[in-house]
Amino acid sequence: KIPLAVMWQEWLAADSHTNSHECPKRPTTLHHRFANSTHQLSHFLGIPEAGKRAEQCSCCHADCKAHHETHLYSVKAAGLRLPIWAHGHRHLEKKAQNPTQIYCFVYHASITKLGWRAGPRVSEPLVNVVLEALQAFRLVSFGDGGGALRPLYMDVQATTPLDPRVLDSMLPYLMAYYGNPHSRTHAYGWESEAAVEKARRQVADLIGADSREIIFTSGATESNNMAIKGVARFYKSRKKHIITTQTEHKCVLDSCRSLETEGFRVTYLPVKKNGLIDLKELESAFQPDTSLVSVMTVNNEIGVKQPIRDIGEICREHKVFFHTDAAQAIGKIPMDVNDMKIDIMSISGHKIYGPKGVGALYVRRRPRVRLEPLQSGGGQERGLRSGTVPTPLAVGLGAACEVAQQEMEYDHKRISQLAERLVTKIMSEVPDVVMNGDREHRYPGCVNLSFAYVEGESLLMALKDVALSSGSACTSASLEPSYVLRAIGTDEDLAHSSIRFGIGRFTTEEEVDYTVRKCVQHVKRLREMSPLWEMVQDGIDLKSIKWTQH
Amino acid sequence: MAASSRAEVLRLYRALLRESQRFGGYNYRTYAIRRIRDAFRENKNIKDSEKIEELVNKAKVNLEVIHRQVCLFLSFHLRVVRSSNSSRTTKS
């Protein structure tokens, strides 16, 4: 049940600049018109008088109750001195049977058709009091009448919304220029190919590569698979060893596991408590037949940024290929494949405000990295990834990369400020909060906090009007705590109570403030209910308790 | 020349802001308004007329992009509601 107060404040502050009237005041002041789609809502208001009338209204048309409620909205709006659009009521005119209906109709009509602001003058504080009371009595059940409220989006590590500029660049290729970029004989093919090549150049510019080194794939998962399995299998006659870390993305770990069944040896490097790998351990892990090192740039769960430049140096010395999964890092921190000595890099479209279903793989040409292709076919994309390149998606990825390059500095500054604000506020108001991952070597937009003595799932469910996650999206279905948190050595209980806050380009300060407020409120509430918290308050050390065996 | 550029720039600024306020999505709307304001503020001291011309053209292109996207949102009846108590909310 979403509180009525929230719903009403929606209405009170409905932004109706869609009707494009020029407004000197802020859009949320109470003088705007309501759009006609009030009728879409079908919420039953538990206000006694309204209820009576709604029931008495025999259903002269479908959704009578709903229809009546919307009248009530209009009435309330009128009471608050808000002008309302007129909407057709001719059907009621004919069918109104009992006096109540006529009353409703007349009342409503008088407001709407005559533009007359009727109704008692209700001051806003009074309305708020009524709303709070209703909320307390839980008189509202929120049906989904197509007007359901949507939560705040604070999960940008899972996916990001499309930037409008990206969508704008994709649309022509979805509507008009629909040719196959590999058709060589006609203009449809040529224009599509030109678009794909332009996108390739845009992606390459972002990472400092040559456009011939970019291969479009279906996403970072495919790129990771291609990189790891492709390199390993190509050099398998002489090189049988791969190095990776324990905090990699599932697709990397799974690829390595499948290679193990093929006879390769894989070293999973442990990470330190702060999430970074130990360079000395990396050095000692090298063997004469190591073919590939795979370390992700920015972790999607805890946000730590690995020392890619140093790892690149080490790999160059040992003449081993260096692959990095840069899905979370691209477009957010400056990446240069030559400066960081990266040989293969995976890029994901939907993490940088681009479309889902597209990604790219950077494969170095000098010195040449050879891959065995995973997907056989017509030899597109240098033979490494056969299949038609999806022009609109590729164009979207290119546009997303270009926008990211232009906006990188601005976004980074803003996201750092917002993240700082989030963390400082939460940590100052609530004790016993641990940030997982290194404080400095991180990407600020991914904040993973563990709230001690609070169960993570219950906190997530409590924060139902904020879209958050604990752990990564691909492991969110399982009940186990995330393997990344286990790898950095968090205790089981802290690992269970971790929440990941994602701050992106479109996150506003108000959203952050609201999230903080709700989070603090629910953590306090859940801790009040927790016997463990009581014991801690009494000074008992939880680790010293001997839980009895039954 | 400088005088007309100034008027043109101001006209563009107001048009961009006005168009962005019509956006149906809360996040997009707030981002567009914020970004436009910051971008114009950042570049307000540029004197080089070529650079100014380039930026003005960029602004014109972006105005068209915003206009198209706003219309798309409207035509799909997409208005994103945020269930927060904050005053800036819209309806989906």
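Predicted, not measured: the structure shown is a model, and the values here were computed from it. Labels below follow one simple rule: chain letters A, B, ... track the order of the sequence lines, proteins then strands, and each chain is numbered from 1.
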Is it the case that more than 12 heavy atoms not belonging to A:K198 sit under 6.0 Å from its NZ atom?
no
Tell me, side chain or backbone of A:T507 under 4.5 Å from chain B's heavy atoms, or both, or neither?
backbone
Taking B:R68, B:E42, B:R34 one by one, which has the highest count of heavy-atom pairs under 4.5 Å against chain A?
B:R34
Validation row: A:D168, B:I66 side chains within 4.5 angstrom (heavy atoms)
no
Flag if over 12 foreign heavy atoms under 6.0 Å of CZ, B:F40
yes
Taken to the nearest 0.5 Å, the spacing of B:Q69 CD from A:R165 CZ works out to 10.5 Å
Is a donor from one side chain sitting under 3.5 angstrom from an acceptor on the other, for A:Y410 and B:D38?
yes
Should we count NE2 of B:H67 as having more than 12 external heavy atoms under 6.0 Å?
no
Heavy atoms, side chains only, cut-off 4.5 Å: are A:T508 and B:Y26 in contact?
yes
Partner of A:P164 by side-chain contact (heavy atoms from CB on, under 4.5 Å), out of B:F73, B:Y28, B:Y31:
B:Y28
Side chain, backbone, both or neither: which part of A:R505 has an atom under 4.5 Å from a heavy atom of chain B?
both
